[in-house]
Number of protein chains: 2
Amino acid sequence: MGIEPVERGSKVYLEIVKQLRIMIEQDGLKPGDKIPSERELCERLNVGRSSVREALRALELLGLIETRRGEGTFIRDFRSNQLVQLLGTFVLQDTKAKQDVIETKYLIELDCLRLILRRNNEEQLENLKEWIECAEFTDDQFFIKIVELADNHLFYRIWSILNDYYDALKLPRIERKNPYYSAIVHALLGGKEAEVLRSYYSLRKLSND
Amino acid sequence: MGIEPVERGSKVYLEIVKQLRIMIEQDGLKPGDKIPSERELCERLNVGRSSVREALRALELLGLIETRRGEGTFIRDFRSNQLVQLLGTFVLQDTKAKQDVIETKYLIELDCLRLILRRNNEEQLENLKEWIECAEFTDDQFFIKIVELADNHLFYRIWSILNDYYDALKLPRIERKNPYYSAIVHALLGGKEAEVLRSYYSLRKLSND
DNA sequence: CCCCATAAGTGGTCAGACCACGTATACTTA
DNA sequence: TAAGTATACGTGGTCTGACCACTTATGGGG
């Protein structure tokens with residue numbers, strides 16, 4: 001059969017988590033794929049359904065799987081931001097230092113700009129340039145694209161959370177016109193870090209120290 | 001009473017997670033403290049015990065709580081490596097994800113170095129200098145101090161988590177001697193960003209592009 | 001006063017029941 | 001035949017009650 005009975009000694013639900021991992025690996029399951037139903041897992045592993053559910057619920061809270069009532073349980077794209085979200089509500093609850101949120105958001109945006117420079121993907125930058133010329137957009141929308149271009153999912157997740165907090169701060173919005181964003185993209189295309197930073201500082205009205 | 005009945009609409013166990021968070025906050029519970037027993041939570045929240053357990057097991061897998069049979073359930077010190085372990089086995093298989101972890105950790109360390117430069121607290125830097133001259137320390141220990149000096153709680157949290165992931169990757173350790181760290185501190189005292197970055201790249205054996 | 005047997009409390013697990021929801025099936029109807 | 005509808009089935013969602021294993025508090029006997 002392939003699935004050994006659950007070992008004793010540790011908690012059953014942890015064993016089930018382990019077995020699920022093995023199962024996913026062996027069967028080569030990918031995000032979007034369906035995993036066996038709860039009742040089938042009970043039989044395969046010789047455990048109670050409540051134990052299976054404890055394992056599945058835990059993985060669900062982690063954002064590793066997704067359950068749809070009446071349909072089944074599916075593997076999720078691991079890069080979802082579920083976990084950061086959760087840690088946000090639990091860990092960051094006492095750390096709402098406005099200043100930290102702002103500072104961190106800005107620094108990560110800068111990091112993303114540096115990453116884009118490093119990646120040096122001219123084609124995507126040209127697309128971005130075209131987009132900002134043709135479309136109306138908000139600051140958020142612009143930086144979503146920036147963070148995406150940086151191509152680092154961790155930064156993407158962290159930035160998303162930070163941005164939510166940032167929005168929640170309801171700071172007086174500084175409305176910026178296209179030229180500020182154009183300058184950044186232009187600088188990115190130019191490949192000069194100093195100029196990129198300068199254009200970002202200018203957008204954010206920060207001193208360039 | 002203070003605990004409202006669980007709202008409908010979303011899954012019960014998620015509501016319980018939320019209520020627990022509120023409960024912890026309101027009662028000012030800290031790591032090590034005991035939370036109500038499963039059966040008591042059932043009554044307080046008017047839900048079945050299995051739902052309570054689903055919530056608790058999920059939080060346990062995340063490392064946010066700890067359960068001891070016969071004793072009870074306790075709040076745990078966050079930043080424990082529980083979730084790291086788990087995501088290590090589930091998520092970090094993905095090489096892209098590994099790459100992201102490393103990259104993000106390094107970039108945040110760089111950000112912290114920049115923050116220290118900006119803060120310009122010479123006294124604390126002198127203390128750090130003294131410490132690295134007199135004590136044995138690991139890379140982790142050094143950067144804990146760096147991140148602390150950066151004085152941004154968000155970065156501290158994020159870095160802690162990233163560092164746990166990083167450790168879980170079990171990369172071949174590059175052993176570095178004191179001079180590398182001294183160079184960084186020296187550069188920080190000098191106040192020249194370029195030199196700070198150079199000394200960091202040197203430590204991490206990164207190209208300085 | 002100390003020690004140990006018992007009771008009470010707690011988490012761990014299982015089994016079964018029922019509900020809500022989505023889908024596939026088979027039947028009815030135009 | 002084709003479209004639409006009603007039913008059955010599979011799935012997750014939740015609750016209840018039962019039993020076990022373990023820890024701690026209790027109280028009686030030495």
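Throughout, a chain's letter reflects where its sequence line sits, starting with A, and its residues are numbered from 1.
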Taking N or O atoms only and anything under 3.5 Å, show me the protein contacts with nucleotides 7-9 of chain C, one pair per line.
unit_1	atom_1	unit_2	atom_2	d
dG9(C)	N2	Gly70(B)	O	3.2

Could you go through nucleotides 4-9 of chain D and list every protein N or O atom that sits under 3.5 Å from one of its N or O atoms, giving the distance for each pair?
none

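Between Gly48(B) and Thr73(A), the residue anchored closer to the 5' end of DNA chain D is Thr73(A), taking for each the nucleotide with the nearest heavy atom.
Side chain of Arg176(A) to backbone of Leu203(A): a donor-acceptor contact under 3.5 angstrom is found. The backbone N or O of Thr138(A) sits less than 3.5 Å from a side-chain atom of Gln141(A), completing a donor-acceptor pair. The closest donor-acceptor contact from the side chain of Asp167(B) to the backbone of Asp164(B) lies at 3.5 Å or more, if one exists at all. At distances below 3.5 Å, at least one donor-acceptor pair connects side-chain atoms of Asn178(B) with backbone N or O atoms of Ile132(B). Arg39(A) places no side-chain N or O within 3.5 Å of a backbone atom of Arg49(A) that could act as its donor or acceptor partner.
Axis deviation across the helix from dC1(C)-dG30(D) to dA30(C)-dT1(D) amounts to 10°, comparing end segments of five pairs, rounded to 10 degrees.
Straight-line distance from the CG atom of Leu56(A) to the P atom of dT14(D): 13 Å, rounded to whole Å. Between Arg49(A) atom CZ and dT16(D) atom P the separation is 16 Å, expressed in whole Å. Glu38(A) has its CD atom 14 Å from the C1' atom of dC19(C), to the nearest Å. One atom, CD of Glu54(B), and another, C1' of dG12(D), lie 10 Å apart when rounded to the nearest Å. Here dT16(D) presents its P atom at 15 Å from CG of Leu41(B), a figure rounded to the nearest Å. One atom, CG of Leu45(A), and another, P of dC14(C), lie 10 Å apart when rounded to the nearest Å. As rounded to whole Å, 12 Å separates atom C1' of dG12(D) from atom OH of Tyr13(B). The interatomic distance linking Lys11(B) (NZ) with dC21(C) (C1') rounds to 12 Å, in whole Å.
Cation-pi contact between Arg68(B) and Phe74(B): present, with separation from the ring centre below 6.0 Å and deviation from the ring axis of at most 45°.
Salt bridge status for Glu38(B) with Arg69(B): absent, with no side-chain N to carboxylate O gap under 4.0 Å.
With hydrogens and angles ignored, no donor-acceptor pair under 3.5 angstrom links the side chain of Arg68(A) to the base of dG12(D). The base of dG11(C) is not paired with the side chain of Arg57(B) by any donor and acceptor separated by under 3.5 Å. You won't find any donor-acceptor pair under 3.5 Å spanning the side chain of Arg53(A) and the base of dG13(D), going by distance alone.
A donor and an acceptor atom, one from each side chain of Thr67(B) and Lys11(A), are located under 3.5 Å apart.
Ring centers of Phe137(A) and Trp131(A): under 6.0 Å apart, within the cut-off.
Evaluated for a salt bridge (charged side-chain N to carboxylate O under 4.0 Å, His left out) with Glu109(B), the options Lys145(B), Arg204(B), Arg114(B) yield exactly one hit, Arg204(B).
Base engagement by Ser50(B) is indicated by at least one non-hydrogen atom pair under 4.0 Å involving a base atom.
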